[in-house]
Q: 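Below is a structure I'd like to ask you about.
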Amino acid sequence: MQLSTHSPDETLAGRDLSMLLAVSAFMITARVPMGFVLLALGPMVLIVIRGLRRHTGLELAPLRALVGSMLACGLLGGLVHGQLASTGSSLAVAITVALVAAGALFTGTPRRGAERLLDGSMAGLLFHWAVSMGEAITGFKLLPIMYPGANTIQHVTTHRFFVTSLYPNYNDYSVSMTLLVCLVLAQMLFRTRVHPLLKLGRLVVLLTAIFEVAYMGSRGCLAAMVVVALVLLVQSIRAVRPGAIGVRIVTLALLMAVAVVIGVVSSPWLADNSAAQRGVIAGRIRDLLVANPLAALVGHGSYAGYQAAADAAYPNALMDPHNLLLEIIVVFGIPTLLAYLACWWTVVRHDVLGRDGLRDWRSVALGTIVAVYPLIGVVTSSTLRYYLAWLFLVVALGRRAALRREERRSSEEERTTGRRSSY
C-alpha cells in the first residue's frame, strides 16, 4: 500500500523544501567544489525554516548512537591531536552527518527527506557516468587537468576507455559505478512499469558502467558487483514468492558469497604486490593503534591527523587504509566502529535477511549498498572522504524507520475506524 508522505508544512510558497536535501546530496556526490559545505547547508536551511521535531516516533537508536559517538570521538580526538581547526576534522564531519540526519529525518517529513537524499545521490552518480562517457567518446580526459600529479595519468591518457570523471583515480570512479549499478539494477528488477526508452537507458547505463569497471581492472569492484547482483536476484525472487527462499537459505547464500570472495582474494589472480601491500598496511595500522590506545579509542581527530601519525611512525611508507572499517577506527575510534557495525547489522538483518524486508526498489537498493560497502571499501585508499558511506547509511536507516512509523499509524487508524464502526 502506498502511504502519503505529505504534511501541511512540507512546502513554503508552494515549493518543496526537501529539494534542498536532493541538491546537497547531488553536490557532494558530484564532487562539486565546496561540496562539503553545501552538504551541510541544505539541511541547515531546512532546519531553520521548519524547525526540529523532538518526538518523531522514529526507531533510530543505532543511528543516534552512531552520530553521538562520532560527535564525542570527533571532539576528543580533535582536542588530543590538535585537529579541531581543520575543515576536514572528524568533528566537522560528525557535525555535517548530524545535520544531514536531523534535516532529513527530524523536520517533519522523514520519508520524503530520506528519498530526496537518495535521489540527489543517484543524480550525482549519473553525472559521473555521463562525464566519463564523454571522456570515452571524445578522448578528452579530465584527470591531467584536475590532478596533474596523479600517478595514473599515463594509464588514463594512453587508454581510450580509461576514465575517471572528476575523481583522482579510476579506483574511486569504479566505486561510484558500483553504487550506480546497484541502484539501476534494483530499478530494473523492482520498478518495471516504465517507458521503454527509460528501460533502454537503464540497460545502457548498466552495461557501460560494468564495462568500464571491468576494462580498467578494478577487481574489488567487480567482486562487489557480483555480490550485489546475487543479493538483488535473491530479493527479487523473495518479492515474487515470499516463501521460496527463507532466512537460512539467504544467510547461507551470503556466507557462500563471502567465501567465494575470500577465495578469489586469496587466489593468484589477486596475489600481486598491491594486495600484499594492503595486508602490510593493515598490520602497520594495527601496531600503530596498539602503541597508542588513546588514538584507538577516539581516533586521530581527522584523516590528516592519522596520516601525520602514520608518517611519523613509518616514514615514506604507504599507509592509506584501503579498508573502510580500519578507516573508521583511525578517524573516529573503536566506539564509532562498533556503532557503525550496529547500524550495518540493523540494515542487513531487516532489509537483506529478514522476512519483513521491504520490497520496493529503494529499500532493496539501500539494503544491498549498505551490506556491501565494507567490501567495496577495500578498493579505494580512503572511503570516508567521499561521505557516501555515511549518507547511504543515514538514508537506509531513516527511510526504513519512516516507513515503519507510517505502517504503525495506518494500523492504528484502521483499528480506530474498526472500533467506531462496531458501535
Q: How far does CD1 of Ile210 sit from CE of Met177, to the nearest 0.5 angstrom?
A: 11.5 Å
Q: If you round to the nearest 0.5 Å, how far is CG of Leu118 from OG1 of Thr29?
A: 9.5 Å
Q: Is the shortest side-chain N to carboxylate O distance from Arg31 to Asp172 below 4.0 Å?
A: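 Result for this pair is no, no salt bridge flagged.
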Q: Going by atom types alone, do Asp320 and Tyr306 pair a side-chain donor with an acceptor below 3.5 Å?
A: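 Their side chains do not contain a donor-acceptor pair, so the 3.5 Å distance test is not met.
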Q: Quick check: closest heavy atoms across Gly367 and Asp351, and the distance to 0.1 Å?
A: CA-CB, 4.1 Å
Q: Is any side-chain N of the basic residue among Glu59 and Arg408 closer than 4.0 Å to the acidic one's carboxylate O?
A: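 Yes.
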Q: For the side chain of Ser302 and the backbone of Ser89, is there at least one donor-acceptor N/O pair under 3.5 Å apart?
A: no
Q: Is a side-chain N or O of Arg191 found less than 3.5 angstrom from the main chain of Ala186, in a donor-acceptor match?
A: no
Q: Just by distance, do the side chain of Thr109 and the backbone of Arg112 share a donor-acceptor pair under 3.5 Å?
A: no
Q: If you look at every heavy atom in Ser132 and Tyr173, which pair is closest and at what distance?
A: OG-OH, 2.7 Å
Q: Supply the atom-to-atom distance Ser24 OG to Leu21 CG, rounded to the nearest 0.5 angstrom.
A: 6.5 Å
Q: With a 4.0 Å cut-off on N to O distance, would you call Arg404 and Glu407 a salt bridge?
A: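 Here Arg404 pairs with Glu407 in a salt bridge, since their nearest N and O are under 4.0 Å apart.
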Q: Could you tell me whether Arg399 and Asp360 make a salt bridge, using a distance below 4.0 angstrom between a side-chain N and a carboxylate O?
A: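 Salt bridge: yes.
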Q: Between CG of Leu232 and CG of Leu185, what distance do you get to the nearest 0.5 Å?
A: 5.0 Å
Q: Is there a side-chain contact (heavy atoms from CB on, under 4.5 Å) between Leu179 and Leu388? Walk through the geometry before answering.
A: CA-CA 10 Å; Leu179 299 175; Leu388 296 185; 3.9 Å; yes
Q: Are any of the side-chain heavy atoms of Thr152 and Phe162 separated by less than 4.5 Å?
A: no
Q: Could you walk me through whether Ser69 and Phe332 satisfy the side-chain contact (heavy atoms from CB on, under 4.5 Å) test, starting with their C-alpha distance in whole Å, then the side-chain angles of each, then the deciding distance to 0.1 Å, before giving a yes or no?
A: CA-CA 8 Å; Ser69 178; Phe332 285 104; over 6 Å; no
Q: Let me confirm one number: the CG-CG distance from Leu66 to Leu60, rounded to the nearest 0.5 Å.
A: 11.5 Å
Q: Judged by atom type as modelled, is there a donor-acceptor pair below 3.5 Å linking the side chain of His300 to the main-chain atoms of Gly78?
A: no
Q: Show the nearest heavy-atom pair for residues Leu166 and Ala30, with the distance to one decimal.
A: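 For Leu166 versus Ala30, the nearest heavy atoms are CD1-O, 3.4 Å.
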Q: Check whether the ring centres of Phe36 and Tyr387 lie less than 6.0 Å apart, and answer yes or no.
A: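 Here the rings of Tyr387 and Phe36 have centres that are less than 6.0 Å from each other.
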Q: Let me confirm one number: the CD-CG distance from Gln235 to Leu230, rounded to the nearest 0.5 Å.
A: 11.5 Å
Q: Mind listing the closest non-hydrogen atom pair of Leu391 and Ser121 along with its distance?
A: CD2-OG, 3.1 Å
Q: Using a cut-off of 6.0 Å, state whether more than 12 heavy atoms not belonging to Leu294 lie near its atom CG.
A: yes
Q: Any side-chain heavy atom of Val234 sitting closer than 4.5 Å to one from Val352?
A: no
Q: Tell me if a side-chain donor or acceptor on Thr164 pairs with a main-chain N or O of Tyr170 at a distance below 3.5 Å.
A: no
Q: Run the side-chain contact (heavy atoms from CB on, under 4.5 Å) check on Leu326 and Arg286 step by step: do they pass?
A: CA-CA 9 Å; Leu326 279 178; Arg286 179 201 60 205; over 6 Å; no
Q: Grab the two heavy atoms, one from Ala101 and one from Phe106, that are nearest each other, plus how far apart they are.
A: O-CD1, 3.7 Å
Q: Thr380 and His322: side-chain contact (heavy atoms from CB on, under 4.5 Å), yes or no, with the steps?
A: CA-CA 5 Å; Thr380 58; His322 285 285; 5.7 Å; no
Q: Side chains of Pro62 and Trp344: closer than 4.5 Å at any heavy-atom pair?
A: no
Q: For Met44, I'd like to know if atom CE has over 12 heavy atoms of other residues, nucleotides or ligands within 6.0 Å.
A: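 12 or below, so no.
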Q: Which heavy-atom pair separates Thr157 from Pro144 by the least distance, and what is that distance?
A: CG2-CG, 3.6 Å
Q: Does any part of the side chain of Gln187, heavy atoms only, come nearer than 4.5 Å to the side chain of Met122, both counted from C-beta?
A: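 They are in contact (side-chain heavy atoms under 4.5 Å apart), so the answer is yes.
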Q: Tell me whether His81 contacts the main-chain N or O of Gly77 through its side chain, where contact means a donor paired with an acceptor under 3.5 Å.
A: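 Side chain of His81 to backbone of Gly77: no pair is present.
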Q: Given Ser165, which partner from the list Glu212, His128, Glu135 fulfils the side-chain hydrogen bond (donor to acceptor under 3.5 Å, both in side chains) test?
A: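 The side-chain hydrogen bond (donor to acceptor under 3.5 Å, both in side chains) with Ser165 is passed solely by His128 among Glu212, His128, Glu135.
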Q: Within the 4.5 Å heavy-atom criterion, are Met319 and Gln307 side-chain neighbours or not?
A: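 Contact flag for Met319/Gln307 side chains = no.
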Q: Please tell me if the side chains of Tyr373 and Thr383 come closer than 4.5 Å, counting only heavy atoms from C-beta onward.
A: yes
Q: Are side-chain heavy atoms of Leu384 and Val93 found at a separation under 4.5 Å?
A: no
Q: So that I know where these two stand, are Tyr167 and Tyr147 an aromatic pair - ring centroids less than 6.0 Å apart?
A: no
Q: Taking the side chain as every heavy atom from C-beta outward, state whether Ser90 and Gln83 have any atom pair closer than 4.5 Å.
A: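 No, too far: nothing below the 4.5 Å cut-off.
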